[in-house]
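Structure first, then comments.
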Amino acid sequence: MTDTDKAASPETTKDRVLIFDTTLRDGEQSPGATMTHDEKLEIAELLDDMGVDIIEAGFPIASEGDFRAVSEIAKNAKSAVICGLARAQLPDIDRCWEAIRHADQPRIHTFIGTSPLHRAIPNLSMDEMAERIHDTVTHARNLCDNVQWSPMDATRTEWDYLCRVVEIAIKAGASTINIPDTVGYTAPRESADLIKRLIETVPGAGDVIFATHCHNDLGMATANALAAVEGGARQVECTINGLGERAGNTALEEVVMAIRTRGDIMPFTTGVETQKLMHISRRVATVSGFAVQFNKAIVGKNAFAHESGIHQDGMLKNAETFEIMRPEDVGLAGTSLPLGKHSGRAALRAKLKDLGVEVGDNQLKDIFVRFKELADRKKEVYDDDILALVTATTDGDLDRLQLINLKVVCGTGGPAEAALEMEIDGKEVSATCSGDGPVDATFKAVRALHPTEAHLQLYQVNAVTEGTDAQATVSVRLEEDGLISTGQSADTDTVVASAKAYIHALNRLLVRRGKTGKDVKEISYKDLH
């Protein structure tokens, strides 16, 4: 089925809006959000399984790592269109095609900046740029039946020139025209009007799908995207958790749930299975190292929490008094029923299934061992505790460095001291170091046993649940010679969680360093929409 067929599907009386996810491309451009090869494949599989229509898997010419990831995702995709990004240059387009050609439904997405500010970057006149657009879109169309074209910074491009280049791209063979608000400059009324006018003005516009790609610099990305749909766009480009450079992109979960919840005023539909939103949100947060803010719409920890007495009273009487969506609709359990130390493996597996998490026998065995350890230290183990155990599971090949034991002594009158025992490549070693606080002392002890030039870019602690016995989830981001890795761990002892997260990040850095060394982005992502 083609994209056009999907958009006009007779299965529903509502117009179909295609969901184009760019978490693996634009989302990964967030500084520090670089994902490993296996993580990219995992996220792509989750997106495909969730019903996303198009997955922008990466920017193949950016690095060998990006090329391999896009190629592997293309080979493994089950139902989604797999898209690769390419600048308006023939080598970019050729490299993109090489990466996606094995997909059942490949798409080339090529772009160029068309606003006065962006035209100055390649130093092209209007006519020279128009010629390049014609030549590159034609070249892409000769390689692939499914071509998307974007005029980067479209919302700041002169109207007459925008109409001109959109017409050129359509005539050259583009089947999707994406209108990016690259710097989050537009507003909802303007966003809707721009799409509507283009469809009404440009010859051939009725034969292609118009898309919208909004950034959140002014906090209006989702509103602008939905307004563009009102104006006639039938594809929304978005990311999980709104991940993306600067203030991020339109959040996929917000668009999908807004359309689902307000069907009375937005007669549209998507193919996304919304019950899988929470699981993929948490997984993207883990692998990217970007925690979801508590009050984030749809997937934030507090999105379905009620503390006000009036609100609680209303919820007890009728949930619809203060909830416009059911928690179950986004993949949350309706209630958070705790397990305890007497719960068995079958109960844990059932709870994980209720939470939308499927695990294999070996992974369940590992989670169960740590669940029992946690249950011995906590009175009650809640849903969020269990999910923290799942997301903190160490990757199978990241075991060169392992924590054996940690003892920290600290007082009010002097420095803290950390006595650390580790296993490095099968050998047990130990060190004792002092530092400005227990975490600093612990990290110094790790570096004493495993010297590294990696710089600590992020250290973040979040409480998983409430109470003095709550688990702390610690995220650590390291950078070394352009390579970035993140580590995460959860424990009722914040210092232990910190040590495990730091070691996890170092292990991932070793894995990345041990590959080709080309996973670092080799060309600048500057000014990509």
Side-chain angles (χ1 to χ4, degrees), residues 19-58 66 69-70 73 77 80 215-216 221-222 236-257 272-301 303 330-332 355-359 384 387-393 395 458 460 462 464 473-477 484-490 501 504-505 508:
I19 298 299
F20 178 113
D21 183 273
T22 184
T23 302
L24 298 174
R25 198 277 299 171
D26 202 333
E28 206 204 9
Q29 286 173 214
S30 302
T34 301
M35 304 176 196
T36 67
H37 179 83
D38 290 341
E39 287 167 349
K40 290 180 182 180
L41 267 57
E42 178 192 355
I43 297 302
E45 184 178 357
L46 291 174
L47 290 168
D48 197 3
D49 183 60
M50 189 171 67
V52 165
D53 298 286
I54 306 104
I55 299 171
E56 189 164 53
D66 250 24
V70 175
I73 290 168
H215 278 262
N216 203 38
T222 297
V236 175
E237 302 203 356
C238 42
T239 61
I240 299 297
N241 298 338
L243 196 66
E245 54 190 340
R246 302 190 315 278
N249 292 269
T250 303
L252 181 150
E253 61 275 5
E254 293 176 11
V255 169
V256 170
M257 289 309 296
V272 172
E273 294 183 42
T274 63
Q275 294 82 2
K276 298 179 179 180
L277 286 171
M278 191 61 72
H279 175 57
I280 194 170
S281 167
R282 286 166 167 157
R283 192 62 189 132
V284 168
T286 298
V287 302
S288 67
F290 280 56
V292 177
Q293 67 190 60
F294 282 13
N295 63 335
K296 167 74 175 65
I298 315 300
V299 292
K301 181 178 179 180
V330 299
L332 277 174
L355 295 172
V357 179
E358 296 287 344
V359 296
D384 285 338
L387 288 168
L389 292 177
V390 174
T391 56
T393 300
D395 303 72
L458 172 74
Q460 182 172 284
N462 290 306
V464 176
T473 295
V474 176
S475 297
V476 168
R477 184 188 305 143
I484 296 174
S485 70
T486 58
Q488 192 173 73
S489 187
H504 187 202
R508 297 182 68 187

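In this text the structure is predicted, and so the values were computed from the model without any measurement.
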Backbone of [Y] reached by a side-chain donor or acceptor of [X] within 3.5 Å:
{"X": "R508", "Y": "G487", "value": "no"}
{"X": "T22", "Y": "D26", "value": "yes"}
{"X": "H504", "Y": "Q488", "value": "yes"}
{"X": "S485", "Y": "A505", "value": "yes"}
{"X": "N249", "Y": "L243", "value": "yes"}
{"X": "D48", "Y": "A77", "value": "no"}
{"X": "T286", "Y": "R282", "value": "yes"}

Would you please test T473 and N462 for side-chain hydrogen bond (donor to acceptor under 3.5 Å, both in side chains) and show each step? CA-CA 5 Å; T473 295; N462 290 306; over 6 Å; no
Applying side-chain contact (heavy atoms from CB on, under 4.5 Å), name anything that partners N216, two or more places apart in sequence or on another chain.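 Here the qualifying residues are A221, A247.
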If the condition is side-chain contact (heavy atoms from CB on, under 4.5 Å), which residues does E45 pass it with, not counting sequence neighbours? none
Trace of the salt bridge (Lys or Arg N to Asp or Glu O under 4.0 Å) decision for K296 with E254: CA-CA 10 Å; K296 167 74 175 65; E254 293 176 11; 2.7 Å; yes
Taking every non-hydrogen atom, the tightest pair across [X] and [Y]:
{"X": "N241", "Y": "V299", "answer": "OD1-CG2, 3.7 Å"}
{"X": "A251", "Y": "T222", "answer": "N-OG1, 3.9 Å"}
{"X": "S489", "Y": "A501", "answer": "CB-N, 3.7 Å"}
{"X": "S281", "Y": "I240", "answer": "CA-CG2, 3.7 Å"}
{"X": "I55", "Y": "A44", "answer": "CD1-O, 3.6 Å"}
{"X": "M35", "Y": "V287", "answer": "SD-CG2, 4.0 Å"}

In sequence, state the C-alpha distance, the side-chain angles, and the governing distance for M50 and V256, and then conclude on side-chain contact (heavy atoms from CB on, under 4.5 Å). CA-CA 12 Å; M50 189 171 67; V256 170; over 6 Å; no
Value rounded to 0.5 Å, distance of [atom1] in [X] from [atom2] in [Y]:
{"X": "L277", "Y": "L46", "atom1": "CG", "atom2": "CG", "answer": "11.5 Å"}
{"X": "Q460", "Y": "F290", "atom1": "CD", "atom2": "CZ", "answer": "9.5 Å"}
{"X": "R283", "Y": "S288", "atom1": "CZ", "atom2": "OG", "answer": "10.0 Å"}
{"X": "L47", "Y": "I280", "atom1": "CG", "atom2": "CD1", "answer": "4.0 Å"}
{"X": "T486", "Y": "L458", "atom1": "OG1", "atom2": "CG", "answer": "9.0 Å"}
{"X": "I43", "Y": "D38", "atom1": "CD1", "atom2": "CG", "answer": "11.5 Å"}

For E253, is there an ion pair with K276 - N to carboxylate O distance below 4.0 angstrom? no
Look at K40 together with E28 and state whether they make a salt bridge at an N to O cut-off of under 4.0 Å. yes
Under the criterion side-chain contact (heavy atoms from CB on, under 4.5 Å), I'd like the reasoning laid out for V284 against T23: C-alpha separation, chi angles, the key distance, then a yes or no. CA-CA 9 Å; V284 168; T23 302; 4.2 Å; yes
Can you find a pair of side-chain heavy atoms, one from V330 and one from M257, that are under 4.5 Å apart? yes
Residue pair V255, T250: steps toward the side-chain contact (heavy atoms from CB on, under 4.5 Å) verdict: CA-CA 8 Å; V255 169; T250 303; 3.3 Å; yes
Give the intermediate values and the outcome of side-chain contact (heavy atoms from CB on, under 4.5 Å) for residues E245 and H215. CA-CA 9 Å; E245 54 190 340; H215 278 262; 4.1 Å; yes
